[in-house]
Amino acid sequence: QVCAQLCRRPCYCPWVPPRCPRGSPLVLDGCGCCKICARRLGEPCDFLHVCDQSQGLVCDYSSASAGTGGTCNFEDDEEGCEVNGRVYRDGEVFQPSCKMRCQCLDGGFNCIPLCQEDVRLPTPDCPFPRRVEIPGKCCPEWICEAQDQHLLRDARAVSPLLPFPCQEWGTEWSACSATCGVGFATRVTNQNRYCRLETQRRLCMVRACPAPPAAFAAVS
């Protein structure tokens, strides 16, 4: 009955099919006549404007009043999440990029990085470590930059300001190396002229050391 009221025969469709938003495929309308953009999760729907069945969506009329349309939802009412125009089922694991893996949970999603965020400190065999993007590889890798390249780059610097934005990073100062008297504390930071990781030291003193006991004169 609904089909007889809304569907006209023969079909009259526009010459140019509609341009759908990302993640919404072209499908036939409820009458099976014209191509339309499938409705996505949470979008309104009705007999003509169908939901994206490839994502497991159906038109849910449970919360709609009489005579009005429904809302696209999963058929079994389980929650999902939408990322970059694609709908994932609850519990589904996916990778939006090669650098992270995510899981859809209760309508949201949690992600963990797949690339290590380690810090490589300067060493005698690698005094100038630098992290760079490698063509054909997803995660950046550490390389050892030659010292002459650093000297040349430093010699060309005519201003203390870097030509690129430098995101400051540093660890907390370590505990003092001496429990009494003068010692030193260390930290690793890039807060310097060339935005380069380096180990910094500063003097520290927790408390003064007690005076040594006076030597007793030998009894003759």
Side-chain angles (χ1 to χ4, degrees), residues 19-27 37-45 51-60 62-63 71-146 149-150 153 162-175 185-201:
R19 298 184 61 182
C20 300
R22 187 175 182 180
S24 178
L26 275 174
V27 296
C37 299
R39 297 298 173 91
R40 296 173 295 181
L41 180 66
E43 293 183 342
C45 56
C51 302
D52 185 3
Q53 295 182 358
S54 65
Q55 297 293 329
L57 301 178
V58 295
C59 197
D60 183 10
S62 59
S63 58
T71 304
C72 290
N73 203 350
F74 289 110
E75 187 173 5
D76 53 359
D77 292 334
E78 65 175 327
E79 294 186 358
C81 54
E82 182 178 0
V83 181
N84 295 331
R86 182 175 177 181
V87 179
Y88 299 93
R89 290 183 177 272
D90 187 66
E92 185 176 356
V93 177
F94 60 96
Q95 285 190 222
S97 72
C98 61
K99 294 183 179 181
M100 63 177 60
R101 181 171 64 243
C102 305
Q103 184 178 19
C104 180
L105 292 172
D106 299 330
F109 56 93
N110 297 327
C111 299
I112 58 173
L114 299 178
C115 297
Q116 295 183 356
E117 298 293 336
D118 57 337
V119 175
R120 182 168 181 175
L121 302 179
T123 57
D125 60 332
C126 185
F128 302 105
R130 189 163 61 93
R131 202 173 190 182
V132 297
E133 298 285 345
I134 305 297
K137 293 188 177 182
C138 177
C139 300
E141 297 182 2
W142 288 99
I143 64 170
C144 293
E145 192 173 38
Q149 293 180 356
H150 258 279
R153 186 172 62 187
L162 291 170
F164 54 88
C166 172
Q167 183 177 0
E168 292 186 351
W169 181 91
T171 63
E172 299 291 337
W173 286 102
S174 68
T186 62
R187 72 171 181 177
V188 178
T189 180
N190 65 350
Q191 298 176 20
N192 52 58
R193 178 177 179 181
Y194 303 110
C195 192
R196 188 170 59 210
L197 281 177
E198 64 180 7
T199 302
Q200 296 181 347
R201 294 179 174 84

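For the single chain, residues carry numbers from 1 onward in sequence order.
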* Could you walk me through whether Cys72 and Cys59 pass disulfide bond (SG atoms under 2.5 Å apart), step by step? => CA-CA 5 Å; Cys72 290; Cys59 197; 5.7 Å; no
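- Between Arg40 and Gly23, the closest heavy-atom pair is CD-O, 4.0 Å.
- Residue Gln95 qualifies as enclosed at atom CD: its count of foreign heavy atoms under 6.0 Å is above 12.
- A donor-acceptor pair under 3.5 Å is absent between the side-chain atoms of Gln55 and the main chain of Asp52, judged by distance alone.
- With rounding to the nearest 0.5 Å, the separation of SG in Cys45 from CG in Asp60 is 7.5 Å.
- For the residue pair Asn73/Thr71, the side-chain donor-acceptor check at 3.5 Å is not satisfied.
- Rounded to the nearest 0.5 angstrom, Thr189 OG1 and Trp173 CH2 are separated by 8.5 Å.
- Take Ser97 and apply the side-chain hydrogen bond (donor to acceptor under 3.5 Å, both in side chains) test, not counting sequence neighbours, and it matches no residue.
- To the nearest 0.5 Å, the span separating SG on Cys138 from CG on Leu114 amounts to 7.5 Å.
- The two residues Arg39 and Leu57 have their closest heavy-atom pair at O-CD1, 4.1 Å.
- Within the 4.5 Å cutoff, the side chain of Leu26 has heavy atoms near those of the Cys20 side chain.
- Taken together, the cysteine pair Cys144 and Cys126 places its SG atoms within less than 2.5 Å of each other.
- Ser174 approaches Ala185 most closely through the heavy-atom pair O-CB, 3.4 Å.
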* Can Glu133 and Lys99 be said to form a salt bridge (charged side-chain N to carboxylate O under 4.0 Å, His left out), step by step? -> CA-CA 12 Å; Glu133 298 285 345; Lys99 294 183 179 181; 3.6 Å; yes
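- How far SG of Cys102 is from CE of Met100: 6.0 Å, rounded to the nearest 0.5 Å.
- Nearest heavy atom pair, residue Ala38 against residue Glu43, reads O-OE1, 4.4 Å.
- A donor-acceptor pair is defined here as one N or O able to donate and one able to accept, closer than 3.5 Å; such a pair exists between the side chain of Gln103 and the backbone of Gly91.
- Enclosure of atom CZ in Arg187 by more than 12 non-hydrogen atoms of other residues, nucleotides or ligands within 6.0 angstrom is indicated.
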